[in-house]
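Small disclaimer: the values here were computed from a predicted structure and weren't measured.
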Amino acid sequence: MSIAQYADDGMFAPKKIADVFHTTSDDIARTAGLGKDAIQRKERMKSDKTQRRLREMVEVVNKVESRFGSALMAYAWYRSEPLAGFSGHTAMQLVRDGRAHEVLDYIDAIDAGVHA
């Protein structure tokens, strides 16, 4: 899907992300490792940290969506499937720890036929 569906006025919007994933904005905040105020207060929503975390989460889910057939299934994978080679951590846990680039590299390696 287009990454633009997750944005509003050029910024990632938790409500739009939540709508696509059939969940709540609070759940999106937790999943991205953010507090409630990061998605409820306009100035916090616009912060680099909040936008970066939302972008990283969306990038990972968007990258695997075609593999799972829907954004909802890709989001379920993101939250619950332990990744080989990461000590049982999920993509969500790694993104929350600031390791989104490692998840994206892992997905690229799998897509290239390299087993993790």
Side-chain angles (χ1 to χ4, degrees):
M1 278 193 186
S2 169
I3 206 155
Q5 74 175 353
Y6 301 105
D8 199 13
D9 294 327
M11 305 201 75
F12 286 101
K15 175 69 174 125
K16 285 196 171 192
I17 297 168
D19 288 346
V20 173
F21 297 155
H22 302 280
T23 191
T24 65
S25 294
D26 287 347
D27 186 52
I28 293 301
R30 277 191 306 278
T31 302
L34 300 167
K36 282 184 180 184
D37 62 328
I39 61 162
Q40 292 175 342
R41 298 171 70 199
K42 277 190 175 185
E43 65 275 358
R44 289 284 313 272
M45 177 104 81
K46 294 178 181 180
S47 78
D48 289 342
K49 177 185 176 184
T50 299
Q51 287 296 304
R52 183 181 68 251
R53 287 281 178 86
L54 293 173
R55 176 185 49 80
E56 290 169 346
M57 179 180 66
V58 166
E59 283 178 344
V60 171
V61 171
N62 210 37
K63 191 165 197 129
V64 299
E65 182 178 344
S66 63
R67 178 177 304 152
F68 293 102
S70 73
L72 184 60
M73 292 302 296
Y75 181 61
W77 168 86
Y78 171 84
R79 290 178 49 122
S80 63
E81 188 70 28
L83 303 182
F86 290 98
S87 303
H89 288 97
T90 65
M92 177 183 76
Q93 291 169 316
L94 295 167
V95 169
R96 289 171 70 177
D97 289 343
R99 298 172 63 188
H101 65 284
E102 293 177 51
V103 176
L104 293 167
D105 289 347
Y106 171 85
I107 296 166
D108 286 342
I110 295 298
D111 288 347
V114 177
H115 298 285

### Query
Going through the checks in order, is the side-chain contact (heavy atoms from CB on, under 4.5 Å) test met by Tyr75 and Thr23?
CA-CA 10 Å; Tyr75 181 61; Thr23 191; 4.2 Å; yes
### Task
Show your reasoning for whether side-chain contact (heavy atoms from CB on, under 4.5 Å) applies to Ile28 and Leu34.
CA-CA 8 Å; Ile28 293 301; Leu34 300 167; over 6 Å; no
Could you tell me the separation between the [atom1] atom of [X] and the [atom2] atom of [Y], rounded to the nearest 0.5 Å?
X     : Y     : atom1 : atom2 : value
Arg44 : Lys36 : CZ    : NZ    : 14.0 Å
Ile3  : Arg55 : CD1   : CZ    : 8.5 Å
Thr24 : Ile39 : OG1   : CD1   : 7.5 Å
Met57 : Phe21 : CE    : CZ    : 5.5 Å
His89 : Glu81 : NE2   : CD    : 14.5 Å

Can you give me the closest heavy-atom contact between [X] and [Y], atom names plus distance?
X     : Y     : answer
Thr90 : Tyr78 : CB-O, 3.8 Å
Pro82 : Gly88 : CB-O, 3.5 Å
Gly35 : Ala29 : O-CB, 4.0 Å
Ser25 : Ala18 : N-CB, 3.7 Å

Distance-only criterion, 3.5 Å: show the donor-acceptor pairs between side-chain atoms of residues 7-17 and protein atoms not counting sequence neighbours.
| residue | atom | partner | partner atom | Å |
| --- | --- | --- | --- | --- |
| Lys15 | NZ | Asp19 | OD1 | 2.8 |
| Lys16 | NZ | Ala7 | O | 3.2 |

### Ile107: partners by side-chain contact (heavy atoms from CB on, under 4.5 Å), with sequence neighbours left out
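So Ile107 forms a side-chain contact (heavy atoms from CB on, under 4.5 Å) with Val60, Lys63, Val64, Arg67, Trp77, Val103, Asp111.
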### Message
Is there a continuous path of hydrophobic side-chain contacts, each under 4.5 Å between heavy atoms, that joins Leu94 to Phe68?
### Response
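Yes; Phe68 is reachable from Leu94 via cluster members.
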### Query
Are Leu104 and Tyr106 co-members of a hydrophobic cluster defined by side-chain heavy atoms under 4.5 Å apart?
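Cluster IDs for Tyr106 and Leu104 match.
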[X] vs [Y] side-chain heavy atoms within contact, under 4.5 Å:
X     : Y     : answer
Gln40 : Asp26 : yes
Glu65 : Val20 : no
Arg99 : Phe86 : yes

### Message
Using modelled atom types and a 3.5 Å cut-off, is there a donor and acceptor pairing between side-chain atoms of Arg53 and backbone atoms of Ala32?
### Response
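Side chain of Arg53 to backbone of Ala32: a pair is present.
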### Task
Return yes if some donor-acceptor pair links the side-chain N/O of Gln51 with the main-chain N/O of Met45 below 3.5 Å, else return no.
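Yes; at least one donor-acceptor contact below 3.5 Å.
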### Query
Do you know which of Val61, Thr31, Asp97 makes side chain to side chain contact (heavy atoms under 4.5 Å, CB included) with Met92?
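Only one of Val61, Thr31, Asp97 forms a side chain to side chain contact (heavy atoms under 4.5 Å, CB included) with Met92, namely Thr31.
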